[in-house]
2 protein chains.
Amino acid sequence: MDTKPALRSPTITDVAEAAGVSPMTVSRVLNGRGGAGEETRRRVLEAAQALSYRPNAFAKSLKNDRSNTVGIVVPDIVNPFFPEIIRGAELVARPAGYTLLSCNVVEDPEREEEVLGMLLDKRVDGLIICSARLDDERLLRAIAPHRAVVLINRAAAKRHAGTIEVDYRAGVEAVVTQLIAQGRRRFGFAAGPAASQGGRKRREGIEAALARHGLSLVFDLPCTPDLQGGAEIAARLLPEIAQVDAMICYNDLIALGLMKPLEQAGIRVPEDIALVGCDDIPASDLVSPALTTLRIAKQDLGEMAMRMLLDRIAGRNAQQGIVIEPDPIWRATTPRLPG
Amino acid sequence: MDTKPALRSPTITDVAEAAGVSPMTVSRVLNGRGGAGEETRRRVLEAAQALSYRPNAFAKSLKNDRSNTVGIVVPDIVNPFFPEIIRGAELVARPAGYTLLSCNVVEDPEREEEVLGMLLDKRVDGLIICSARLDDERLLRAIAPHRAVVLINRAAAKRHAGTIEVDYRAGVEAVVTQLIAQGRRRFGFAAGPAASQGGRKRREGIEAALARHGLSLVFDLPCTPDLQGGAEIAARLLPEIAQVDAMICYNDLIALGLMKPLEQAGIRVPEDIALVGCDDIPASDLVSPALTTLRIAKQDLGEMAMRMLLDRIAGRNAQQGIVIEPDPIWRATTPRLPG
DNA sequence: TTGAAAGCGCTAACAC
DNA sequence: GTGTTAGCGCTTTCAA
């Protein structure tokens, strides 16, 4: 019955011919613009159906100067922090008629720049950038030509981009303050990527809490934000492990990567050393001892960012900067809380 | 110094005017087609640079009838199995000049169908589908109009798509055989999504091994392929836990989701019940006891799939079906191997 | 070595 | 209610 799929996909003109009308009428019917006779309408729909007609998105975009596509750029799709954000963003984008183009930059600024250019070529209507690693100048230059931008965990002039920032500073400060109250004094920081703004805010939080007690960081080293980074920190830390009785980690992956080497070296967590992560990825509640961390509502974050982006695309720049608070989740890598 | 970014992005005509040549010459220079005077060439490049000209991908695609974009469809981007595949695919796609459009279908067949249609609208040059959940007829109908398709973990007529399949059957059979040798007799299967072809192959592997010893599955229940699914299986299993001394799980997430409820119920792993996952996600080596599993080279899988896809796009359909073998990783949720 | 014309598939603006 | 014209930005074809 079925005819073979044509070599060339059917165009609006093919449908028009099949229905015995003009392309314009087909366009009107298919886009629900109204102003088409009932009978005509039926014939057009039938013809489109019969040909399995799908409008060519390029032609549409070229004409309309909008792609109905938005981009989201993440440092590393394998880091469990980001897929949830992507999912949240997609959840909002799709019902609004947007396709999400998600791009991985593998923690590489060059690549980040390249990807932003590519998204420009594809004429995305807007984009979300998670934890941009580019320096201010390059970032600004790269986003300037874009129609609408939202930055996650990166400050920027409101004119150029909306921002959603996690208040790591407050979150980390609260946790460190609590640990000090429990008697910890010698803090280390596994700082994550040096270029991360979020990393600097976490450090500020630690230092603010420490300063109030006349303390300062005894260990502060950057590392890749993954299990491997944690393992490397462990190797650096172990020779001078006695210097430290609490480690604050840039994220859960680092903390998790730290745990096994510590255990193998006979260091007890949390007795000898307390461990705190950040993000609350699923694995953190699965390991033993379960990891104390700052929970971030990742999917919400993605949803918010996308809502803000859609607003900006629509020219509504109402909410320009949102700050969300992380939630301390006290688990077993820190001493039991009193009460 | 800089002029404000224009409202309208510069076109090839703008560049042509600035350089005092025709659009055609600009096109030639920018695409490295050769046949342009040295001096002309220089002027064009300069003008393009000065205007920050970026060719409009739509116009290009509309004309060329190719988008230089390929799609990859995954059931759930939050499942750690898939981001690694995506990364592998991207690693191969980008140097070849392709942009990867990754789409999440949240384990929903309707959504899968919709996404395949959307990809068609966007005129992707080809696409990879991971663990398609559509039934054969709908899947075939959905991929038929696409130019090139590769299926991961799903069989198909070679004419319609290349395939890369993990030999779960053999992998699972080997593991179960080993467990039987260690004295396990009462096997359960946390089967994952009913629509998964991979799930059926795992079951076949279990049953083949059991049959050789006159045994059969005492527990076989579908579940979502995530931690939640494991927790639900645990709830169903616990009342009749004594019936079972080994659980084979569709994937590591399910196995991991199973572990905490079992532990809380006082069931010892592996003494009372052996546990086997599949995929070898990073968390599996972090928990205690560490999870025995079948390792799949996820990134390789993604790379292979993309290479096969690029071949098919280029009209080279040499390698049409690849089977890869999973690697049993014996860890602590199964009894120690002899030797 | 360079340019002019035509057209990819679609739709906004304006007829009829 | 429906059709015609023109043009989005680019490149292929052909001519100069």
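Values reported hereafter were calculated over all heavy atoms of this structure, with side chains retained and with hydrogens, waters and symmetry mates removed. Note that the coordinates shown come from a computational prediction; the quantities given were computed from them, not determined experimentally.
- Residue A:Cys130 comes nearest to A:Val74 through the heavy atom pair SG-CG1, 3.9 Å, listed as atom of the first residue, atom of the second, then distance.
- Shortest non-hydrogen contact noted between A:Ala142 and A:Pro145 is O-CD, 3.5 Å.
- A search for side chain to side chain donor-acceptor pair (under 3.5 Å) contacts involving B:Thr11 returns nothing, not counting sequence neighbours.
- Looking at every heavy atom in both residues, A:Pro225 comes nearest to A:Asn79 through O-ND2, 3.7 Å.
- In this structure, CD1 in A:Ile164 is found 9.0 Å from CZ in A:Arg307, a value given to the nearest 0.5 Å.
- Counting to the nearest Å, the C1' atom of C:dT11 and the CZ atom of B:Phe58 are 15 Å from each other.
- Protein atom CG of A:Leu62 is 12 Å distant from nucleotide atom P of C:dC10, rounded to whole Å.
- Listed by residue number, the members of residues 41-49 of chain A with any heavy atom below 4.0 angstrom from DNA chain C form an empty set.
- Nearest heavy atoms, A:Ile313 versus A:Ala148: CG1-CB, 3.7 Å.
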Table please: side-chain donor-acceptor pairs of residues 89-99 of chain B below 3.5 Å, with sequence neighbours left out.
residue, atom, partner, partner atom, Å
B:Arg94, NH1, A:Glu114, OE2, 3.4
B:Tyr98, OH, B:Arg66, NH2, 3.0

Quick one: do A:Lys60 and A:Ser67 satisfy side-chain hydrogen bond (donor to acceptor under 3.5 Å, both in side chains)? Show the steps, please. CA-CA 8 Å; A:Lys60 251 189 156 108; A:Ser67 58; over 6 Å; no
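- Partner of B:Ile129 under the side chain to side chain contact (heavy atoms under 4.5 Å, CB included) criterion, chosen from B:His146, B:Glu112, B:Arg154: B:Glu112.
- Spacing between atom CG of B:Asp65 and atom C1' of C:dC10 amounts to 14 Å, rounded to whole angstrom units.
- With rounding to the nearest 0.5 angstrom, the CD1 atom of B:Ile86 is 4.5 Å from the OG atom of B:Ser102.
- OP1 or OP2 of D:dG3 lies within a sub-4.0 Å distance of a side-chain N or O belonging to A:Thr25.
- Comparing the end axes of the helix from C:dT1-D:dA16 to C:dC16-D:dG1, each fitted to five base pairs by superposing C1' atoms of four pairs onto the next four, gives an inter-axis angle of 40° (nearest 10 degrees).
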Return a single string for nucleotides 10-16 of chain D, one symbol per nucleotide in 5' to 3' order, where B is base contact, S is sugar-phosphate-only contact and - is none, cutoff 4.0 angstrom on heavy atoms. BBB----
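- Under the rule for a side chain to side chain contact (heavy atoms under 4.5 Å, CB included), the partners of B:Glu137 that lie at least two apart in sequence or sit in another chain are B:Asp135, B:Arg141.
- Using a 4.0 Å heavy-atom cutoff across all strands shown, A:Thr40 reaches sugar-phosphate atoms only and no base atom.
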